[in-house]
Amino acid sequence: MKISYQILKRYLEKLNISPKEIEEILTNQGLVVERTFSGKEIVSPTLVAATLEEVKEEKKQSFCTVRVKEQTFRLQVESWKVPPTGSRVIWDKNLTSSTLASTGPKDSNLLITLPAEVPEGEEIFPLMGGEDTVFEVEVTANRGDCLSVIGLAREVGAALDQALIFPKVTFQEQLESSGMVVENQREDLCPFYSGKYLYQVVVKPSPWWLVRDLLLLGLRPINNLVDVTNWVMMELGQPLHAFDVTRLRGRQIKVRGAVSGEKIITLDQEERELTEDMLVIADSSSPVGIAGVMGGFSSQVLPQTREVFLESAWFNPSSIRRTSRQLGLRTEASRRFERGIDPEQVVFALERALSLMQEIGEAKVSREWFKLGKLKSSPKIVEFDPVKVEDFLSVEIESVKMEKILHRLGFEVEARENRMLAKVPSWRQDVDLEVDIAEEVGRIYGYNRIASRLPSFPFDPGEEEPSSQTERAIRAFLVNRGLKEIVSLPLIGESLLQEIGFDTDSLVMIKNPLSLDYAYLRPSLVVSVLEVLKRNITTQKENIGIFEIGKVFGRANQSTPPFREEQRILIAIAGQILPPLWHEGSSVDIFVLKGIIEELLGIFTPFTREVDFYPGNDYPDLWEPSWSFSVRHQEKEIAWGGLLRKELVRKLDFWGDFYLCELQFAELMSNSVESFSLEEIKRFPAVLRDISLLVEEGVSWRAVEKMVLSLAEAKKLPLEQVDLFDCFQGGNIPLGKKNLSFHLIFRSTQTTLNDQEVDQWVEEIKGKLRQIPGAQLREELTTT
Amino acid sequence: MDELKKYLEDFTKEISQAKSLDELNRVKGKYVGRKGLLNRLFQQLAQLSPEERKNTGRKLNQLKQTMESMVKERMQQMQSSRTKIENAVDITLPGKKQWLGSYHPLLIMLDQIIAIFKSLGFRVETGPEIETEHYNFEALNMPEDHPARDEQDSFYLDSGYLLRTHTSPGQIRALQRLTPPFKVIIPGKCYRRDAFDASHSPVFHQVEGLVVADSISMGDLKGTIEVFVRRLFGPERKVRFRPSYFPFTEPSAEVDISCGICGGKGCQSCGYSGWLEIMGSGLVHPNVFRNAGCDPDKLRGFAFGMGVERIALLVFGIPDIRWFFENDIQFLDQFRIFR
């Protein structure tokens, strides 16, 4: 909502503070001044009066010719916005035919109707009557009353303790009857509908003061009739609408529900299809306006209009809101109706319009009144305790002061014993409770006077949720491990999901997505990280080590809610293991990834020995064949991953080898450290033996290792570690075989081991290994 | 034991004089070999009492290891001196580094916010991202067709569910779960049907706060937020409370901080107002208590909610909200200095 300093001054006679102070008052009372403009910014000093010579239709497009003194200009226009031929209009003297051809007219004030008295070529700005400041105020959803000059003036008046000057109404009525039939079929959606009949109307440009005010408030002046309805809407907050009676079939006005599929061309010349729950104003055959949203094109007031029906109504806010949203049509009128307008001002606003109409133009008004329906008039009384109001606000404020504030805001306050009764003004539908009164008092008294303190009461915040602790531990580990944390978008595109081969039926779909690129909730972090990988690769950031902890979503049809959200951890690596330097680097591979996973699982002690990696997993489309794995703990899958399928990477228009793993957060959580047992410090020397074993290539290292470990456990051998240091194929190794070389490290916590006993254990282990079919011990390398 | 000391001294002298690998091996054999003094002493261990044996044994072992490592060191020295000249290291060569990890700037900010509230005695709770209209709107005093819903255009799923548009449903869940008095914050991801631009993202993070007791007032809110702002932004920043409107608080207040760039004088980044909006707040609306099954005559509370992106943009001077979700490695790498 815009308001100017000079306009404000008409309603607050004693206004003597600066525009800057007004800005502060409004902002500090909850009506934020988002911007201020000088008059020059709105009415540019380069604007002059011109004459609209001609409007022509060519190939379904409208063109007009404008004359300023000797010069003429031709430009394309939207026909419905153009004033009649011969009008005096606003033009920019800096415009040339060539700028018009290249950029078109930019200033929205161009071609606005001016009073005919303004001479052609005259500059507009000097007519403004001096500088002015326009405030653009952000009005919160609860304060429909402040979408009006009166509402904002009242707010400033309350701060300054000044009375508001209310506009006066005087108009003449004639005996003439309209011969109109006005009917309201939907009192549920339109509890009150009123109207007046005007005749012998002369439609012409508005006087300069009205043109000026509308320009400052951001509205486009059209003609005296339309301008008066718009001005009254700005002044009082009540939208009005004027119909050309001769173009209402059957001289009829019917407030009714739309028939499904019914169409109307609105003032902006758009055809709109209506649905049954929308309220329309119709004549005897079809809609002539969408109630409270926008009038119809067919019945609009034109220069030749002589008879007018002027409407002022109170429409159901929810109905207006729904209609305007459904049609995607937000107008100055709908903004006001959907917040609820002052029911006691509906008729007054109509009278104010009639009064202005007669003041600035020629119009006769019939004494006939159309008033259909009734507005409930019992005022709301809110009882409040001044002490409690002080307490809510943490301020000390005398009740006399409270009363004064409320009085200036339009409340009638009456003391009753220790309590007070406030009669809520009709325009403040938002005030219901004692806390609402507290806010009103606080707003005007000043939030800056609230005394700060800290809440003090006994409360044990308790332990952190275990999941937060786990999450923090995982994040810290991965960051310390050199990975970068990312936050990717959980919203995923349909085409991406199809490329990957996810069945979209099993996914959570958004019914009203921004676009198909954000139509699903990710079923896996892998999907949303692809975009991140691509973005980095395509800008030559090829060394990637990233992780994310975030939610994935799925359907859970048998439960409430029928959706599942689950925390997962994603790790992705690509590029060099170490930063490129003056030494030779090597690239990451699947074992670098596995190392990170093993170390991460190592935080959760029960995992260290009970986790197994298996080839393959449930998402074969994501991975290179035979380069994928699944991680299980006691037969339960806790993670999966692999080398991202190269074909998929190519399809998504990037390149590189990416090793990814996704882990289930909940599984880690349920296995987090519960008991801790300290290991004794080893103080005796370790003994090292190496074994070199030739096996069939199908024999896994894990199987060999397990064999050694289980023997050591069964025989209670002080075997501390089994470390693989070489796995080799090719060279002089026979085809179909591989060589595994590993250290066995023995160490006792009790005593120094002697060579003989260690040799004996190694023999036992070798004996066991010989049982592996096809296994062969190679030359034994021994060190001490 | 002096004998051992002398033995080590002689050994040190001899190996430093050794000029070839052969000589070195000879010295090694003399001292550490089978016929060396050390081995003789080992053999004598058997004659000692168990206590002495343990003690002396350990000392002999240590000596043996020391000597062996000295031989190794000398050997390496001899080998490397063939290729390298002493003191010729070029210390200006780059050091051998590891990749460094980093936390995401949004979560750095979130962690800092959480840490401040924890130090003020707040409990941290979480809630689902898929919500019902009841929790997201109705229970928060925003019935259907409430104009305030316009500012929170939602992503709808089927069966009447939606993606939460704010963390405020956490207020209702906290009221239902915790016994007053309490202080709680609820951080998390939120979703609104806003197209991406420099200052909007359909996915963003919020931190909700709720304090409930029998005697809460606007002063408690103001004091708490002032402490928070000073800790997060620094003591020189001013805080302004300004009336506003949220359906679930009454009275409501918007919290502004003085602009850190112009110091409150007004500049482009604060829209020439000198102030930056950082959160919404207010006293819990009686209807919210009622909708959560609590008695508004017995309880009072304050609530606040802030956008993490907005704060992170301010703190780190990031020009575009989309940078958070692009996850460019070069962008992320800059935050490795924050813990």
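Below, read A as the first sequence line, B as the second, and so on, with proteins coming before strands; counting in each chain starts at 1. Excluded from the calculations below are hydrogen atoms, water molecules and symmetry mates; all remaining heavy atoms, backbone and side chain alike, are included.
- Residues A/Phe563 and A/Phe553 place their aromatic rings such that the two centres sit no closer than 6.0 Å.
- Residues of residues 282-290 of chain B that come within less than 4.5 angstrom of chain A, heavy atom to heavy atom, are B/Leu283, B/His285, B/Pro286 in numerical order.
- Within a 6.0 Å sphere centred on NZ of B/Lys189, other residues, nucleotides and ligands contribute more than 12 heavy atoms.
- Applying the side chain to side chain donor-acceptor pair (under 3.5 Å) criterion to B/His200, with sequence neighbours excluded, gives B/Asp197.
- Shown here is B/Lys238, whose NZ atom has no more than 12 heavy atoms of other residues, nucleotides or ligands within 6.0 Å.
- Interface check for chain A: of the options B/Glu254, B/Glu144, B/Lys118, B/Gln65, the most heavy-atom pairs under 4.5 Å are formed by B/Lys118.
- Between B/Tyr103 and B/Phe335, the distance from one ring center to the other does not fall under 6.0 angstrom.
- Contact annotation: the side chain of A/Glu548 never approaches that of A/Ile571 to less than 4.5 Å [non-hydrogen atoms, C-beta and beyond].
- Most heavy-atom pairs under 4.5 Å with chain B, from the set A/Arg481, A/Glu338, A/Met509, A/Lys511: that is A/Lys511.
- A cation-pi contact links A/Arg449 to A/Tyr445, judged by a cut-off of 6.0 Å to the six-membered ring centre and 45° from its axis.
- Contact tally against chain A (heavy-atom pairs below 4.5 Å) for B/Leu157, B/Leu120, B/Asp111: the top residue is B/Leu157.
- Listed options A/Asp436, A/Leu393, A/Asn448, A/Val508 were ranked by heavy-atom pairs under 4.5 angstrom with chain B; first place goes to A/Asp436.
- Interface remark: of the candidates A/Val33, A/Leu31, A/Val32, A/Thr539, A/Val32 forms the most heavy-atom pairs closer than 4.5 Å to chain B.
- Of the two parts of B/Leu163, only the side chain, counted from C-beta on, holds a non-hydrogen atom closer than 4.5 Å to a non-hydrogen atom of chain A.
- Between chain A and the residues B/Val184, B/Asp328, B/Val203, B/Asp214, the most heavy-atom pairs under 4.5 angstrom are made by B/Asp328.
- Contact check for A/Ile510 versus B/Tyr191: no side-chain heavy atoms found under the 4.5 Å cut-off.
- For B/Arg322, the CZ atom is densely surrounded, since the number of other residues' heavy atoms within 6.0 Å is greater than 12.
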